[in-house]
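Counting convention: from 1, in listed order, for ligands and their atoms alike. Worth saying up front: this structure is predicted, and the values here are computed from it rather than measured. The chain is numbered in sequence order, starting from 1.
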Amino acid sequence: MKAVVYESFSAPPQIKNVPDPTPETHGVVVKVMATGVCRSDWHGWVGHDPDIQLPHVPGHELAGIVEAVGKDVTQWKVGDRVTVPFVGGCGACPECHSGNHQVCDTQFQPGFTHWGSFAQYVGIHQADINLVALPETLDFATAASLGCRFVTSFRAVVDQGKTSAGQWVAVHGCGGVGLSAIMIANAIGANVVAIDISEEKLELARKLGAVATVNATRVANVAEAVVEITRGGAHVSLDALGHPTTCFNSISNLRKRGKHVQVGLMLADHSTPAIPMSKVIAHELEILGSHGMQAYRYDAMLAMMQSGKLAPDKLIGRTISLEQSIDALMNMDKFEGTGVTVITEF
Ligand SMILES: [Zn+2]
Ligand SMILES: [Zn+2]
């Protein structure tokens, strides 16, 4: 099969012919029909992820068709249209037994722990736990765009933030994660304040339901601006970028007993940001993370998509070929463009 392969970190990847994957006894092989290009792939490529062993094939936001099935798989057959969360559970550890596959002790992550989906085929482990069936009406590009940013935002807003109608939600950073969170929080009836440094992204944020926006380059103090708009602070606030400044602002703009959810990754130099801990104590704030979402929780999200409340296809920026993905991957850190880039030609 054709795959995007890199043999050393930060060196340009190449399209190579590599052997087709074969399914594990508990796994399947998926013919990749669409796969998103994500900042996490960029982090992996530059060497920020200790799970990655070289040579490596990136890609974790995939949708496709089951091509081959291992002998112990009972729930899936060749021809099924599927997607996967970016963290797959093992099914056997205490976290998986408690239903928290997203923090499994021995995670399967295509594109990180194993070869990923910048390829014509990808192997998926523990298929009975980790695959999600796609509704017939859902196209592959949209399905692929769910796997990481959208589901992580859904879990952040709904399961971790426990956001309810009428609450104020602040979303710091309006890239793929932030725009997803804005759409989801708006759909469940919250009032969203979007924060970014780009007017173009703030414009898109307003189109997706943000009722107020803050351009961080045009105010003296972002947290104070959000507190003023929300008349006392956000009930739930997300750092959707993953940066010490947005993390600090997100905690600082909470009202008493508010919840900060860290959604953007904090890697390398950013892994131990400053936190206003005195405020966390005095205001009884909660600090939470969101790390993907279990396959079984997709039902709620897919139902909101089918009823028209969520339209993740609006977040797709451009579709590209496997060849073009090399350039897209290497430039993922440059904050260019709006929306999610999806590979749809292999
Ligand atoms: Zn597990
Ligand atoms: Zn991703």
Side-chain angles (χ1 to χ4, degrees), residues 4 24 26-27 32 34-46 48-49 51-52 56-63 83-118 122 124-132 141-156 173 175-181 238 240-242 262-267 289-298 301 312 315-317 320 325 328-333 335 337 339-343:
V4 170
E24 302 284 326
H26 52 74
V32 183
T35 190
V37 184
C38 176
R39 213 173 146 78
S40 311
D41 296 312
W42 177 86
H43 277 297
W45 169 66
V46 295
H48 292 164
D49 192 323
D51 288 336
I52 292 178
H56 187 66
V57 176
H60 57 282
E61 305 184 355
L62 67 115
T83 189
V84 288
F86 79 90
V87 179
C90 70
C93 77
E95 298 301 340
C96 284
H97 281 308
S98 73
N100 289 295
H101 307 102
Q102 79 284 359
V103 288
C104 169
D105 289 340
T106 49
Q107 297 173 12
F108 167 79
Q109 297 187 16
F112 301 103
T113 61
H114 293 73
W115 278 17
S117 52
F118 281 29
V122 62
I124 301 296
H125 290 193
Q126 303 295 343
D128 283 341
I129 300 168
N130 295 322
L131 287 187
V132 176
T142 305
S145 77
L146 302 175
C148 163
R149 289 163 278 199
F150 204 81
V151 297
T152 303
S153 294
F154 191 89
R155 182 167 165 76
V177 169
L179 293 173
S180 305
L238 275 59
L241 176 63
Q262 186 64 40
V263 189
L265 295 179
M266 289 286 206
L267 298 172
S290 181
H291 190 242
M293 188 167 78
Q294 312 92 317
Y296 69 82
R297 279 292 287 150
Y298 272 58
M301 187 178 73
L315 303 176
I316 294 176
I320 60 171
S325 74
L329 172 69
M330 289 167 62
N331 291 299
M332 206 55 208
D333 61 324
F335 298 100
V340 176
T341 299
V342 183
I343 306 166

Glu61 atom OE2 and Cys148 atom SG as seen from the Zn ion (ligand 2), angle to 10 degrees: 100°
Distance in Å, Met266 CE paired with Leu241 CG, rounded so as to fall on 0.5 Å steps: 8.0 Å
Parallel, tilted or perpendicular: rings of His114 and Phe108 (30°, 60°): tilted
Metal check, the Zn ion (ligand 1) vs Cys96 N/O/S, cut-off below 2.8 Å: yes
Geometry at the Zn ion (ligand 1) - Cys90 SG versus Cys93 SG angle, rounded to 10 degrees: 110°
Presence of N, O or S from His97 under 2.8 Å of the Zn ion (ligand 1): no
Nearest-0.5 Å distance, CG of residue Asn100 to CZ of residue Arg297: 11.5 Å
Closest approach of Cys96 to Gly89 (non-hydrogen atoms, all atoms of both residues): SG-CA, 3.7 Å
